[in-house]
Amino acid sequence: MNIDTDIRHVTRPGANLFRELGFSPEEARRLQAASRKQINDTKVLKQQLMDELSAWITAHDLKQAEAAEILMVSRPRVSDVVNRKTAKFTIDTLVEMLSRIGKPVRLAIG
């Protein structure tokens, strides 16, 4: 069985992927703007959750290894939280970590 691995098209950096997929220019701009907003909103939410975790670590004067044990994650994962590496986490993971330290997350829709 052969697996096709030929590259047929590469979208250049900064290009509008929606336009390249065949959407009209107006619709492509709208979709790209909506996509960027959703990505930004998710990043902001992750940063807020990471801020809470970092504040808890600082307030309890914990070393990363100690925090990792309590949060039931590895020490490098705690480092990623402290250094706000949002791309390495899902919202679910951060919510679960906060739950483990007695900080349940409530969703407010506004």
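Under a 4.0 Å N-O distance rule, the pair E66/K63 does not qualify as a salt bridge. Using a cutoff of 4.0 Å between basic side-chain nitrogens and carboxylate oxygens, E96 and R100 are scored as salt-bridged.
Looking at heavy atoms from C-beta onward, L71 lies in side-chain contact with L53 at the 4.5 angstrom threshold. L45 places a side-chain heavy atom less than 4.5 Å from the side chain of Q48. Side-chain contact between V78 and L62 is absent, with no heavy atoms from C-beta onward closer than 4.5 Å. Using a 4.5 Å heavy-atom cutoff, the side chains of E52 and V105 are not in contact. Side-chain contact between M97 and I101 is absent, with no heavy-atom pair separated by less than 4.5 Å. Contact check for D51 versus R84: side-chain heavy atoms found under the 4.5 Å cut-off.
Note that CG of D6 and CD1 of I3 are 12.5 Å apart. Values are rounded to the nearest 0.5 Å. To the nearest 0.5 Å, the span separating OG1 on T93 from NZ on K88 amounts to 13.5 Å. Distance check, rounded to the nearest 0.5 Å: CD of E20 to CZ of R12 gives 6.5 Å. The structure places OG of S35 at 11.0 Å from CZ of R30, a figure rounded to the nearest 0.5 Å.
L49 and V44 fall into different hydrophobic clusters, defined by Ile, Leu, Val, Met, Phe, Trp and Tyr side-chain heavy atoms under 4.5 Å apart, directly or through other members. Grouping the Ile, Leu, Val, Met, Phe, Trp and Tyr side chains by contacts below 4.5 angstrom, directly or via other members, places L21 with L31.
The shortest heavy-atom contact between T86 and Q47 is CG2-CG, 3.7 Å. Counting all heavy atoms, side chain and backbone alike, S54 lies closest to V82 at OG-CA, 3.6 Å. Smallest separation of non-hydrogen atoms from A67 and W56: CB-CZ3, 4.3 Å.
Counting heavy atoms of neighbouring residues, nucleotides and ligands inside a 6.0 Å radius, atom CD of E69 does not exceed 12 of them. Atom CG of D61 is surrounded by 12 or fewer heavy atoms from other residues, nucleotides or ligands within 6.0 Å.
In the model, S24 has no side-chain atom that pairs as donor or acceptor with a side-chain atom of R19 under 3.5 Å.
N83 places a side-chain N or O within 3.5 Å of a backbone atom of S79 that can act as its donor or acceptor partner. For the pair D80 (side chain) and K85 (backbone), a donor-acceptor distance under 3.5 Å is absent.
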Query raised in the report: After noting the C-alpha distance and the side-chain angles of E26 and R29, does the key distance pass the salt bridge (Lys or Arg N to Asp or Glu O under 4.0 Å) rule?
Result: CA-CA 5 Å; E26 182 180 310; R29 278 191 298 276; 5.4 Å; no

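Residue I109 shares its hydrophobic cluster (ILVMFWY side chains chained together at separations under 4.5 Å) with L107.
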